[in-house]
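Take a look at the structure set out below.
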Amino acid sequence: MAFYLLGLGSNLNPDEHLPLARQALLQHFELLATSPELETAPVGDTFQYPFKNQLAVISTGLGATRVKEILLEIERTLGREAKSPARKLKDRTIDLDILAEGSAAPECLNQILDESYYRRVQQIWQPVLTHDTTHQSVLKV
């Protein structure tokens with residue numbers, strides 16, 4: 001079993017697209033935990049709207065290549081344009097990325113993340129994971 005830390009982001013109707021993305025993830029993987037959503041300023045000058053970002057931990061027997069294919073399929077289903085160099089510069093309905101992979105969920109959660117907006121989400125989320133045993137974002141493993 002592999003564990004993946006995913007980054008979810010949207011700046012086009014995020015209140016609609018983030019829940020739809022989580023539902024789609026549940027159709028393919030075991031969704032172990034989700035962080036609170038955090039509104040973040042866009043990085044770069046090509047975006048028109050602020051983002052909402054979230055972290056999620058999934059487990060699956062699939063390898064990273066197949067997980068990424070499924071994430072791209074979910075993005076397309078939710079209206080994101082096909083993969084191209086220009087798409088990184090455009091507003092998006094949903095962006096799903098593998099941020100870390102590990103043999104256990106805590107291994108994924110403790111990774112140092114490159115993106116500052118995901119580090120902010122991680123800093124807020126980690127205390128919840130270690131102290132709140134009833135909150136929905138707490139890992140089930």
Side-chain angles (χ1 to χ4, degrees), residues 1-44 46-141:
M1 188 68 56
F3 295 82
Y4 297 90
L5 178 65
L6 305 180
L8 290 70
S10 174
N11 75 333
L12 293 175
N13 300 318
D15 293 332
E16 172 189 349
H17 290 111
L18 286 173
L20 288 172
R22 290 189 304 267
Q23 288 174 355
L25 290 171
L26 280 169
Q27 293 174 10
H28 298 279
F29 312 109
E30 184 175 358
L31 183 60
L32 299 175
T34 57
S35 74
E37 297 173 8
L38 180 67
E39 188 167 309
T40 58
V43 176
T46 60
F47 300 110
Q48 296 182 39
Y49 310 105
F51 279 81
K52 279 197 176 175
N53 293 102
Q54 182 174 40
L55 297 173
V57 177
I58 62 168
S59 67
T60 180
L62 302 174
T65 300
R66 181 63 185 131
V67 170
K68 185 59 180 173
E69 290 170 354
I70 293 169
L71 298 180
L72 289 170
E73 178 184 314
I74 293 170
E75 287 179 349
R76 282 190 300 274
T77 300
L78 294 179
R80 186 148 188 216
E81 68 181 78
K83 195 139 177 89
S84 73
R87 91 178 194 150
K88 283 200 164 282
L89 304 173
K90 296 180 180 178
D91 293 310
R92 58 208 55 174
T93 55
I94 196 67
D95 185 19
L96 302 171
D97 293 308
I98 298 173
L99 303 178
E101 179 182 355
S103 58
E107 185 180 339
C108 292
L109 290 167
N110 292 322
Q111 295 293 315
I112 297 172
L113 303 177
D114 292 334
E115 296 88 353
S116 61
Y117 43 92
Y118 285 130
R119 282 196 310 268
R120 284 184 50 220
V121 176
Q122 188 180 40
Q123 289 167 351
I124 292 167
W125 192 27
Q126 283 181 329
V128 172
L129 287 172
T130 57
H131 293 103
D132 183 354
T133 58
T134 62
H135 193 274
Q136 91 174 41
S137 70
V138 174
L139 288 173
K140 297 185 239 175
V141 294

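Hydrogens, waters and symmetry mates play no part in the numbers below; they use all other heavy atoms, side chains included. Position 1 is the first residue of the sequence; numbering continues from there.
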Query raised in the report: Is any side-chain heavy atom of Leu72 less than 4.5 Å from a side-chain heavy atom of Leu96?
Result: no

Requested in this report: State, yes or no, whether a side-chain contact exists between Leu99 and Gln111 at a heavy-atom distance under 4.5 Å.
Outcome: no

Report task. Evaluate the criterion side-chain contact (heavy atoms from CB on, under 4.5 Å) for residue pair Leu6 and Val57; output intermediate values, then yes/no. Result -> CA-CA 6 Å; Leu6 305 180; Val57 177; over 6 Å; no

Query raised in the report: Which value, rounded to the nearest 0.5 Å, describes the distance between Glu75 atom CD and Lys68 atom NZ?
Result: 5.5 Å

Query raised in the report: Does the side-chain contact (heavy atoms from CB on, under 4.5 Å) test come out yes or no for Met1 and Glu30, once each step is laid out?
Result: CA-CA 11 Å; Met1 188 68 56; Glu30 184 175 358; 5.9 Å; no

Report task. Go through Arg92 and Asn11 one step at a time and tell me if the side-chain contact (heavy atoms from CB on, under 4.5 Å) criterion holds. Result -> CA-CA 6 Å; Arg92 58 208 55 174; Asn11 75 333; 4.1 Å; yes

**Report entry** Contact check, side chains of Leu5 and Leu113, non-hydrogen atoms, under 4.5 Å
**Finding:** yes

Query raised in the report: Roughly how far, to the nearest 0.5 Å, is the CG atom of Leu78 from the CG atom of Leu12?
Result: 12.0 Å

**Report entry** Closest non-hydrogen atom pair between Leu62 and Phe29, with its separation
**Finding:** CD1-CE2, 4.2 Å

Report task. Output every pair passing ring-ring contact (aromatic ring centres under 6.0 Å, His included) with a member in residues 90-113, not counting sequence neighbours, ordered by first then second residue. Result -> none

Requested in this report: Measure the shortest side-chain to side-chain distance between Glu37 and Asp15 over non-hydrogen atoms and say whether it is less than 4.5 angstrom.
Outcome: yes

Report summary line: Heavy atoms of Thr93 and Arg80 approach each other most closely as OG1-N, 3.4 Å

Query raised in the report: Which atom names give the shortest non-hydrogen contact between Pro36 and Val121, and what distance separates them?
Result: O-CG1, 4.0 Å

Query raised in the report: What pair of heavy atoms forms the shortest contact from Gly102 to Cys108, and how long is it?
Result: N-SG, 3.4 Å

Report summary line: In terms of heavy-atom contacts, Glu101 and Ala2 come closest through OE2-CB, 4.5 Å

Requested in this report: Would you check if His28 and Glu73 make a side-chain contact, meaning some heavy-atom pair closer than 4.5 Å?
Outcome: yes

Requested in this report: Would you indicate whether the side-chain heavy atoms of Ser10 and Lys52 approach each other to under 4.5 Å?
Outcome: no

Query raised in the report: Tyr4: what forms a ring pair (Phe, Tyr, Trp, His ring centres under 6.0 Å) with it, not counting sequence neighbours?
Result: none

Requested in this report: Mind running side-chain contact (heavy atoms from CB on, under 4.5 Å) on Leu8 and Leu25 for me, showing each step along the way?
Outcome: CA-CA 11 Å; Leu8 290 70; Leu25 290 171; 4.3 Å; yes

Requested in this report: Kindly indicate whether the side chain of Gln27, heavy atoms from C-beta on, has any atom under 4.5 Å from the side chain of Ile74.
Outcome: no

Query raised in the report: So do the side chains of Asp95 and Phe51 get within less than 4.5 Å of each other, counting heavy atoms only?
Result: no

Report task. Decide, yes or no, whether a salt bridge links Arg66 with Glu69 under the criterion of side-chain N to carboxylate O below 4.0 Å. Result -> yes

Query - Least distance between heavy atoms, Leu18 atom then Ile94 atom - result: CD2-CD1, 3.8 Å

